[in-house]
Amino acid sequence: MASPREHIEHIRKTTFSIGGEKNPLAPMLDQAVKYLSAELYTKDVHFLMELIQNAEDNDYLEGVDYLEGVDPSLEFVITSRDITATGAPATLLIFNSEKGFSAKNIESICSVGNSTKKGNRKRGYIGEKGIGFKSVFLITPQPFIFSNGYQIRFNEKPCPHCNLGYVVPEWVEENPSLSDIKQIYGSNSTLPTTTIVLPLKPNKVKPVKQQLSSIHPEVLLFLSKIKSLSVREQNEDPRLNTVSAIAITKRTNFRARESMDAESYTLHLSAEENNTDEQDRECSYSVWKQKFPVKKKNKIEKRMGVKDWVITLAFPNGKRLRRGRSLPGIYAFLPTEMVTNLPFIIQADFILASSRETILLDDNWNQGILDCVPLAFINALVSLVKMREDAPVSSLPRLFQFLPIKSSHYPTLNAVSESIKVKLAEEEIVPSEPFTDQKFFHKPSEIGRIMPAFWSVLNKARKEGVRFDNPSSHGWHVLSSHFDKPEYDHILDFLGVGHVNNEWYARCIRSSNLLMGVSEDVYLQILLFVANNWRTKFCTTTMGDIPLIKYVDRDGSVSLCSINESAQKNSGRLLCRSHETHYTSWLIDWNKEFGFVGNRFFLPKSTQEAIYSFSKKEAILQWLRVEVKVSEIKLHV
């Protein structure tokens, strides 16, 4: 097997006819190089994304090597030192812990349009535009590669021996040497397998530093190989450093196979950056990944070999990591610059604009992907809410934190939002108030909220030992009390969850021991609730027929009569109360002694005393007098 240096000499001789016979394919190669030059400088390429994309497409050692701490990593170091002796004002070094360049990789990089990754999109390669590594010529006239014994450089200027630029390799003896590179990387650290050295063009130093300083902390979110990425500036005088350093790491856990076509997992990102608050350095994401078959109508030539769309949705648990103002909403493995206003991040194999800043929204392939996003979201939410059997009911509202779906300034994405809303209306996803240990879920239209004042009554009654039948057995499924709170109004409104009808309250009170099984204070709160809503909600319901008002019966026991029964003058039973509580017992006793003259019955002493000490007594007394027709007895001594 030839040594790396012998291999380079062989390429120069056979491919580029340097010191050998003329290659019959040389004219075609010449045309390809000219095309590359035109393509390279007319496209608005984000060189940093291209370099990250190339690193993601590289091969890495697996298994035991990860256990030894050799995680796939990518490091960018910029320095003012001119280690290439080219007169460059600054040099960018890229360190990558990949397997390293093979002989086939070297031959590929010494050609045009002959990528080893071409046609391998199904294997996970994310590169696409056909420029790849050669995008570095946008910022450097001479890129250097040190990998697996290869020490080579390329030049954008035509080689004097074959009149071709960009693709002719030249062996590097020094400037830089490996010791020069190691000194910048860190003399106490082992160099990664591959190092790329880019002496920068003078007019590119500032934009390169700007791109390095603005690299997004979520850049690793959807990369399957690279686990860490860092950016730093290394100068002899640290005061000259102007690049914002950052170190990003990623780890994945809690991976669950949901079906043959879907999986979910939790992903954690951390970013160490100068001048960043501690709480802003970490974020976890609940991730849903699902396959959808590519529809015939959406197939395109660029993706002809791809049979499935793999759509990944990431739901941030808390505040997202950010750098600057931008929070990308759409990824094509790497972030675009599209802000969607959606509460989740969409990742898929989108067709990108040449700038890589946006996806092509009118592209047939992309439209097919976006059409699948609503179903992926529904499946993700259903999985989060319903498949966590061990999750307490109280934790369920937190899983809806990604709602509501806000509108976007992209019409196509608004269609996605509307489709999600329509699909949510058909899903049994909203939890009802449990009466057993089992959880039950219902469509938003089949479940109702109850008024906060009545929740207060029910909760106090429960604390006093009152047992209720299933609250969802009165014609409505009742929303879980953990969810039926003002802070979730925006979510419930978006879902279309309404309120139970007014009749439900009457049925609930009738079916329970709510009135006789609670303290006088809670009883009065029930009366106050009915009083406050009598005219607007309850006067036309069966609430008036429920035995609701306490009175002392003929045998001295406490009984109940309905509002309608008390309010009708010809009912034969007139309810009374004492004007002064210290005469209440005496009036009740003498009323019994005289045989309930005029069929008058008094409210119990305990109830009357509780009314006079009740904070809202005027409201209750007014309602009892006007609506229930309870008369007041004044005793003249």
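Numbers here are sequence positions counted from 1.
- Side-chain atoms of Thr249 and Ser228 include no donor-acceptor pair closer than 3.5 Å.
- Side-chain contact annotation: Asn379 with Gln290, donor-acceptor N/O pair under 3.5 Å present.
- A donor-acceptor distance shorter than 3.5 angstrom exists from the side chain of Lys227 to the backbone of Lys225, with no hydrogens or angles considered.
- The shortest non-hydrogen separation linking Ile491 to Leu403 is CG1-O, 3.4 Å.
- In summary, of the residues considered (Asp484, Val497, Leu495, Val500), a side-chain contact (heavy atoms from CB on, under 4.5 Å) with Ile447 occurs for Val497 alone.
- The closest side-chain heavy-atom distance from Trp309 to Asp349 is not below 4.5 Å.
- Of the charged side-chain nitrogens involved, at least one lies within less than 4.0 Å of a carboxylate oxygen, so that Lys209 and Glu233 count as a salt-bridged pair.
- Ile359 has its side chain within reach of Met338: a pair of non-hydrogen atoms, C-beta onward, lies under 4.5 Å apart.
- Within the 4.5 Å cutoff, the side chain of Leu223 has heavy atoms near those of the Leu220 side chain.
- Checked by atom type, the side-chain pair Ser102/Asn148 shows no donor-acceptor distance below 3.5 Å.
- In this structure, NZ in Lys295 is found 5.5 Å from SG in Cys372, a value given to the nearest 0.5 Å.
- Across Thr193, Asn96, Asn105, Thr194, a single residue satisfies side chain to side chain donor-acceptor pair (under 3.5 Å) together with Asn58, and that is Asn96.
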For Ser224 and Glu56, what are the C-alpha separation, side-chain angles and deciding distance, and is it a side chain to side chain donor-acceptor pair (under 3.5 Å)? CA-CA 8 Å; Ser224 61; Glu56 172 68 9; 3.0 Å; yes
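- Aromatic rings of Tyr285 and Phe315 (six-membered ring for Trp) have centroids beyond the 6.0 Å cut-off, not under it.
- With contacts defined as side-chain heavy-atom distances shorter than 4.5 Å, the pair Glu50/Val136 does not qualify.
- Ring pair Phe95/Tyr185: centre-to-centre distance below 6.0 Å.
- Proximity of Phe441 to Ile429: side-chain heavy atoms (C-beta onward) are nowhere separated by under 4.5 Å.
- Glu427 has no carboxylate O lying under 4.0 Å from a charged side-chain N of Lys443, or vice versa, which leaves the two without a salt bridge.
- For the residue pair Gln367/Asp371, the side-chain donor-acceptor check at 3.5 Å is satisfied.
- A donor and an acceptor atom, one from each side chain of Ser432 and His442, are located under 3.5 Å apart.
- Checked for salt-bridge contact, Glu433 and Arg462 meet the test: a charged N lies under 4.0 Å from a carboxylate O.
- Side chain of Trp365 to main chain of Lys302: no donor-acceptor pair is present (N/O by atom type, distance under 3.5 Å, no hydrogens or angles).
- In terms of heavy-atom proximity, Leu321 sits nearest to Cys283 at CG-CB, 3.9 Å.
- The one candidate from Trp288, Phe377, Tyr331 that meets the ring pair (Phe, Tyr, Trp, His ring centres under 6.0 Å) condition with Phe344 is Phe377.
- Using a cutoff of 4.0 Å between basic side-chain nitrogens and carboxylate oxygens, Asp489 and Arg449 are scored as salt-bridged.
- Between Asp57 atom CG and Ile52 atom CD1 the span is 12.0 Å, to the nearest 0.5 Å.
- Separation of the Phe333 and Phe222 ring centroids does not fall under the 6.0 Å cut-off.
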